[in-house]
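A note on names: the letters A, B, ... follow the listed sequences, proteins ahead of strands, and every chain is numbered from 1.
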2 protein chains.
Amino acid sequence: MDDHEQTVLDDLRAHGYKVTQARRAVIRALTGSVRPLSVNELHAQAQRMNPAIGLVTIYRTVELLTHLDLIRPVHLMDNCHGYAVASPGHTHHLVCKKCHRAVEFDGCDLGLFLEQVARETGYRITGHWLELEGICARCQAADGSAPQP
Amino acid sequence: MDDHEQTVLDDLRAHGYKVTQARRAVIRALTGSVRPLSVNELHAQAQRMNPAIGLVTIYRTVELLTHLDLIRPVHLMDNCHGYAVASPGHTHHLVCKKCHRAVEFDGCDLGLFLEQVARETGYRITGHWLELEGICARCQAADGSAPQP
DNA sequence: CTCCAATTGAGAAGGTTTTTCAATTACCCG
DNA sequence: CGGGTAATTGAAAAACCTTCTCAATTGGAG
């Protein structure tokens with residue numbers, strides 16, 4: 001069990017929630033993945049740890065963890081809603097078009113840009129959501145061919 | 001019928017598609033709306049013009065218009081996939097948290113920011129998707145109260 | 001006006017998400 | 001270490017959303 005997994009589990013307990021097999025499984029799958037996972041993918045992973053875990057529980061777990069901001073939904077251009085563990089603070093995801101490997105980045109320097117938009121539109125801007133799509137270093141190297149595993 | 005509606009209809013014809021009641025209805029609903037509309041909202045609007053129009057047709061129409069880049073999907077934080085007429089060029093939407101009124105903005109000055117992220121991550125960035133959320137001028141004025149119509 | 005391919009509505013099928021409820025589990029307490 | 005209790009769960013069903021199929025209709029070219 002890696003550090004991140006432990007942190008999330010502690011956080012769960014700190015909020016008064018029980019640490020169950022299903023929650024452990026979802027968190028482990030996400031901390032162990034380099035890309036956002038869908039509800040179905042999480043279910044498949046969880047069942048490898050305990051085949052009794054049901055799909056419904058995954059939905060509930062994902063809802064809970066999202067609510068606690070321990071994981072975050074990641075919209076992809078096509079299929080909506082994968083999930084990834086949330087680093088503390090405000091981050092965004094950059095997802096590889098070929099292999100779907102995702103990295104988080106922060107230091108979100110949108111401040112000036114947002115100010116300008118606010119001035120132009122008259123809106124008071126309260127939140128933003130940014131997803132980037134690209135091609136990761138590995139897939140650039142293996143150019144033109146099939147996605148990297 | 002406003003200019004924008006006419007433009008879109010002409011565009012349809014130019015691509016060899018028929019201008020049908022259903023397509024007219026969807027386009028009119030979107031050109032007449034200040035916020036992105038979901039498939040269901042489009043269906044409801046279309047039925048006000050002709051109750052015989054079915055939901056399936058709305059799906060097909062939305063797919064066609066999206067394919068032609070005459071309308072664009074707009075992901076919102078909660079419910080995925082509203083649609084809005086596409087202004088030419090690359091734009092993003094800023095949606096009011098209270099009344100859901102949306103404005104488009106362009107002149108997307110993310111260039112420098114994206115370069116920096118590319119340098120940090122090694123990814124070649126091929127696309128981005130930005131949604132802003134805020135409170136529009138009208139709702140700011142009517143502060144604290146119910147959403148404006 | 002007529003004809004033909006494109007388009008449509010209805011119904012059914014496929015998929016995803018939510019609800020309900022009794023059985024099970026995690027963990028607090030002794 | 002067990003035992004009690006409330007939170008959590010799995011299964012089944014319901015609700016919902018999206019796609020498919022096919023016969024009937026419609027737009028627009030001629």
Side-chain angles (χ1 to χ4, degrees), chain A residues 1 5-6 8-29 36-68 70-71 73 75-83, chain B residues 1 6 8-29 36-68 70-71 73-83:
Chain A
M1 161 154 56
E5 183 177 342
Q6 189 58 61
V8 176
L9 294 180
D10 290 347
D11 234 318
L12 255 190
R13 260 187 283 260
H15 282 86
Y17 295 99
K18 295 184 179 175
V19 171
T20 65
Q21 286 199 36
R23 288 170 184 173
R24 220 183 267 278
V26 167
I27 292 164
R28 178 163 305 177
L37 299 176
S38 69
V39 169
N40 277 317
E41 289 168 323
L42 286 172
H43 186 214
Q45 284 299 314
Q47 290 206 314
R48 287 167 42 109
M49 298 183 53
N50 177 350
I53 293 175
L55 179 57
V56 185
T57 299
I58 306 296
Y59 275 102
R60 289 191 277 228
T61 301
V62 155
E63 188 190 354
L64 173 64
L65 295 176
T66 302
H67 187 77
L68 295 176
L70 297 174
I71 68 177
H75 297 238
L76 307 174
M77 303 288 161
D78 36 356
N79 80 337
C80 267
H81 279 175
Y83 293 87
Chain B
M1 160 153 60
Q6 190 58 61
V8 175
L9 293 180
D10 290 347
D11 234 317
L12 257 189
R13 262 187 281 259
H15 282 86
Y17 294 99
K18 294 184 178 175
V19 170
T20 65
Q21 286 199 37
R23 288 170 184 172
R24 221 182 265 279
V26 166
I27 292 164
R28 180 163 305 176
L37 299 176
S38 69
V39 170
N40 277 315
E41 289 169 322
L42 286 171
H43 186 212
Q45 284 299 314
Q47 290 206 316
R48 287 167 43 109
M49 297 182 54
N50 177 352
I53 293 175
L55 180 57
V56 186
T57 300
I58 306 295
Y59 276 102
R60 290 190 277 227
T61 301
V62 156
E63 187 189 354
L64 172 64
L65 296 177
T66 302
H67 187 76
L68 296 176
L70 297 174
I71 68 177
V74 177
H75 297 237
L76 305 174
M77 305 283 162
D78 36 356
N79 80 338
C80 268
H81 280 172
Y83 292 89

Student: Listing time: all N or O pairs from protein to nucleotides 16-19 of chain C that are below 3.5 Å?
Tutor:
residue : atom : partner : partner atom : Å
C/dT17  : OP2  : A/Y59   : OH           : 2.1
C/dT17  : O5'  : A/Y59   : OH           : 3.0

Student: I need the CG-C1' distance between B/L64 and C/dA6, as an integer number of Å.
Tutor: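 After rounding, the gap between these two atoms is 11 Å.
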Student: Show the numbers, then the answer: is there a side-chain contact (heavy atoms from CB on, under 4.5 Å) between A/L65 and A/L12?
Tutor: CA-CA 8 Å; A/L65 295 176; A/L12 255 190; 4.2 Å; yes
Student: About how many Å separate CG of A/L64 and NE2 of A/H15, when rounded to the nearest 0.5 Å?
Tutor: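 Interatomic distance, A/H15 NE2 to A/L64 CG, rounded to 0.5 Å: 9.5 Å.
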Student: Might you point out which heavy atoms bring B/V39 and B/I58 nearest each other, and give the distance in Å?
Tutor: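 Scanning both residues, the minimum pair turns out to be O-CG2, 3.8 Å.
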Student: Can you check the B/I58 CD1 to C/dT7 C1' distance for me, whole Å?
Tutor: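 Between C1' of C/dT7 and CD1 of B/I58: 13 Å.
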Student: Can you tell me the distance, in whole Å, between the CD1 atom of A/I53 and the P atom of D/dA11?
Tutor: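 Atom CD1 in A/I53 sits about 11 Å away from atom P in D/dA11.
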Student: Atom pairs under 3.5 Å, N or O on each side, protein against nucleotides 26-30 of chain C: can you list them with distances?
Tutor:
residue : atom : partner : partner atom : Å
C/dA26  : N3   : A/K18   : NZ           : 3.1
C/dC27  : OP1  : A/V19   : N            : 2.9

Student: Using only atom types and a distance under 3.5 Å, with no angle test, would you say the side chain of A/R13 pairs donor to acceptor with the backbone of A/V19?
Tutor: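 No; judged by distance alone, with no hydrogens or angles, the pair does not exist.
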Student: Quick one, A/V62 and A/H81 - any side-chain contact, counting heavy atoms below 4.5 Å?
Tutor: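 Of all side-chain heavy-atom pairs linking A/H81 with A/V62, none is under 4.5 Å.
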Student: Please test B/V26 against B/Y83 for side-chain contact (heavy atoms from CB on, under 4.5 Å), starting from the C-alpha separation and ending with a verdict.
Tutor: CA-CA 10 Å; B/V26 166; B/Y83 292 89; over 6 Å; no
Student: Which whole-number value in Å describes the distance from B/H43 NE2 to D/dC17 C1'?
Tutor: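 Answer to the nearest Å: 13 Å.
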Student: Is a side-chain N or O of B/H43 found less than 3.5 angstrom from the main chain of B/I53, in a donor-acceptor match?
Tutor: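 Pair found, side chain donor or acceptor close to backbone of B/I53.
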Student: In whole angstrom, give the distance that lies between atom NE2 of B/H15 and atom C1' of D/dG27.
Tutor: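 Atom NE2 in B/H15 sits about 19 Å away from atom C1' in D/dG27.
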Student: Quick one: side-chain contact (heavy atoms from CB on, under 4.5 Å) partners of A/R48, sequence neighbours excluded?
Tutor: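 A/Q45.
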